[in-house]
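Scroll down for the structure; my scribbles are underneath it.
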Amino acid sequence: MKIKIDLLKALGDKRRLEIINTIGGKKLNVTEIAKNSSVSRSTVSHHLQILKRNRLVNSHQVGKEIYYSLNTKTIVKIAENLLNFTNQI
């Protein structure tokens, strides 16, 4: 997996990193993420779409609610690629 520029941009935003940190190992909906971070509900929704587009989060619907969790496969691949990159420097 090559690290794409859009993926790095997605990880380069402090609000998105806060959302990733808030989700952690849990499954949370937009309201829960907003309550546990300094980001408004509408801003959380916007940033979740960017994270989802870059496969950093997964989503699944339960009734009317959509729950988000981290895509650990993608995050592990990113970490591995970054380690390989730093070892080449």
Side-chain angles (χ1 to χ4, degrees):
M1 170 185 174
K2 284 191 172 183
I3 297 178
K4 298 179 181 179
I5 297 297
D6 288 340
L7 179 65
L8 293 175
K9 286 181 184 178
L11 289 170
D13 184 276
K14 68 179 183 177
R15 284 172 240 113
R16 287 191 279 273
L17 290 175
E18 182 180 358
I19 290 167
I20 288 170
N21 189 50
T22 300
I23 295 171
K26 300 173 282 233
K27 294 178 181 180
L28 301 174
N29 63 32
V30 173
T31 302
E32 293 168 329
I33 295 167
K35 282 182 183 177
N36 292 298
S37 67
S38 65
V39 185
S40 72
R41 196 173 188 287
S42 61
T43 302
V44 167
S45 293
H46 168 74
H47 288 292
L48 282 170
Q49 291 309 310
I50 294 168
L51 293 171
K52 189 174 173 184
R53 191 176 327 128
N54 285 284
R55 297 183 182 146
L56 291 164
V57 296
N58 297 315
S59 65
H60 72 279
Q61 190 165 352
V62 177
K64 292 183 180 182
E65 290 292 336
I66 299 174
Y67 289 86
Y68 296 89
S69 59
L70 296 183
N71 183 340
T72 53
K73 279 186 177 180
T74 298
I75 292 171
V76 167
K77 286 182 182 180
I78 292 167
E80 288 171 349
N81 279 294
L82 287 173
L83 282 173
N84 288 335
F85 175 74
T86 57
N87 288 335
Q88 294 175 7
I89 297 177

Original post:
Any link between I75 and L51 through a network of hydrophobic side chains (Ile, Leu, Val, Met, Phe, Trp, Tyr) touching at under 4.5 Å?
Top reply: yes

Original post:
How many angstroms lie between atom OG1 of T86 and atom CG of N81, to the nearest 0.5 angstrom?
Top reply: 10.5 Å

Subject >> Pairing residues for S59 by the side-chain hydrogen bond (donor to acceptor under 3.5 Å, both in side chains) criterion, not counting sequence neighbours >> reply: K52

Original post:
Cluster partners of V76, using ILVMFWY side-chain heavy atoms under 4.5 angstrom, listed by chain and number?
Top reply: none

**OP:** Linking directly or through intermediates, with side-chain heavy atoms under 4.5 Å: list the remaining ILVMFWY members grouped with L83, chain and number order.
**Re:** none

Subject >> side-chain contact (heavy atoms from CB on, under 4.5 Å) between L48 and I33, intermediate numbers included >> reply: CA-CA 10 Å; L48 282 170; I33 295 167; 3.9 Å; yes

Subject >> Set of salt bridge (charged side-chain N to carboxylate O under 4.0 Å, His left out) partners for R55, sequence neighbours left out >> reply: none

Original post:
Which atoms form the tightest heavy-atom contact between S40 and A34, and what is the distance?
Top reply: C-CB, 4.1 Å

Atom pairs and distances, side-chain donor-acceptor, residues 20-29, under 3.5 Å, sequence neighbours left out:
from	atom 1	to	atom 2	distance (Å)
T22	OG1	E18	O	2.8
K26	NZ	T22	O	3.3
N29	OD1	T31	N	3.1
N29	OD1	E32	N	2.8
N29	ND2	E65	OE1	3.3

Subject >> Sequence-distant partners of A10, side-chain contact (heavy atoms from CB on, under 4.5 Å), two or more places apart >> reply: R16, I50, N54, L56

